[in-house]
Asker: 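Okay, here's the structure, questions in a sec.
Note that the structure is a prediction, hence the values are computed from the model and not measured. In this chain, residues are counted from 1 in sequence order. As a basis for the values below, the full set of heavy atoms in this structure was taken, side chains included, without hydrogen atoms, waters or symmetry mates.
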Amino acid sequence: MKAVHDTINGPFAIEEDIALYGTIAGGATLRSGRRFILHGTIAGDLKVERGARAILHGTVAGRIYNDGGRVELFGIADAVANSSGDAITIIDPAAHVMGRR
């Protein structure tokens, strides 16, 4: 897995396994079969394709669209939407989803 400590201009397609400690300035799409660990920030939406896995300790300043992948949220997101029956989304009790009470 590649570690990235940088700012990436979006929209950005995540096409390799990465751990991000920086920022994606805009939205991102996690491609099928890829693994992504977020410790930084995505300043936009995150789309998770079928078969992808996202472990999110940082902030998604937009909506997470889970289209059949696995999302584990430990950080912050504006909203989470599962758009497939195959989608698995786990939201840690300490995570914060805006608008959720």
Side-chain angles (χ1 to χ4, degrees):
M1 178 170 286
K2 177 180 173 182
V4 177
H5 300 265
D6 204 353
T7 297
I8 301 167
N9 291 322
F12 180 67
I14 303 167
E15 297 179 338
E16 62 183 322
D17 296 349
I18 66 170
L20 177 67
Y21 297 88
T23 301
I24 297 176
T29 300
L30 179 58
R31 298 290 187 208
S32 181
R34 297 297 170 206
R35 190 167 159 218
F36 176 61
I37 301 173
L38 176 68
H39 291 281
T41 302
I42 297 175
D45 295 336
L46 172 64
K47 180 179 178 185
V48 179
E49 293 182 348
R50 180 180 307 279
R53 182 173 183 190
I55 301 170
L56 309 170
H57 294 280
T59 300
V60 178
R63 182 178 295 260
I64 300 167
Y65 295 95
N66 188 348
D67 293 336
R70 179 181 176 95
V71 173
E72 298 174 36
L73 179 63
F74 299 94
I76 299 170
D78 282 351
V80 179
N82 291 334
S83 57
S84 168
D86 296 333
I88 298 170
T89 299
I90 299 166
I91 301 174
D92 187 81
H96 185 70
V97 178
M98 308 296 183
R100 188 178 87 167
R101 300 183 191 265

Asker: Roughly how far, to the nearest 0.5 Å, is the NE2 atom of His96 from the OG1 atom of Thr59?
Answerer: 10.0 Å
Asker: Show the nearest heavy-atom pair for residues Ala95 and Ile91, with the distance to one decimal.
Answerer: CB-CG2, 3.9 Å
Asker: Is there any side-chain hydrogen bond (donor to acceptor under 3.5 Å, both in side chains) pair reaching into residues 3-15, and which pairs are they, with sequence neighbours excluded?
Answerer: none
Asker: Of all residues at least two apart in sequence or in a different chain, which pass the side chain to side chain donor-acceptor pair (under 3.5 Å) check with Arg34?
Answerer: none
Asker: CG of Leu30 to CD1 of Ile18: how many Å apart, nearest 0.5 Å?
Answerer: 8.5 Å
Asker: Does any part of the side chain of Leu20, heavy atoms only, come nearer than 4.5 Å to the side chain of Ile14, both counted from C-beta?
Answerer: no
Asker: Is there a path of hydrophobic side-chain contacts, each under 4.5 Å between heavy atoms of I/L/V/M/F/W/Y residues, joining Ile37 to Val4?
Answerer: no
Asker: Could you tell me which residues satisfy ring pair (Phe, Tyr, Trp, His ring centres under 6.0 Å) with Phe74, sequence neighbours excluded, listed by chain and number?
Answerer: His57
Asker: Suppose we screen for salt bridge (charged side-chain N to carboxylate O under 4.0 Å, His left out). Which residues come up paired with Arg53, at least two apart in sequence or across chains?
Answerer: Glu72
Asker: For residues 17-26, pull every pair meeting side-chain hydrogen bond (donor to acceptor under 3.5 Å, both in side chains), keeping only residues two or more places apart or in separate chains.
Answerer: none
Asker: Between side-chain atoms of residues 80-90 and protein atoms elsewhere (two or more places apart, or another chain), which donor-acceptor pairs fall under 3.5 Å?
Answerer:
from	atom 1	to	atom 2	distance (Å)
Asn82	OD1	Thr89	OG1	2.6
Ser83	OG	Asn66	O	3.3
Ser83	OG	Asp67	OD1	2.0
Ser84	OG	Asp86	N	3.1
Asp86	OD2	Arg50	NH1	2.2
Thr89	OG1	Asn66	ND2	3.0

Asker: Going only through I, L, V, M, F, W and Y residues with side-chain contacts under 4.5 Å, is there a path from Phe12 to Ile55?
Answerer: no
Asker: Could you give the side-chain donor-acceptor pairs of residues 38-48 under 3.5 Å, partners two or more places apart or in another chain?
Answerer:
from	atom 1	to	atom 2	distance (Å)
Asp45	OD1	Arg63	N	2.7

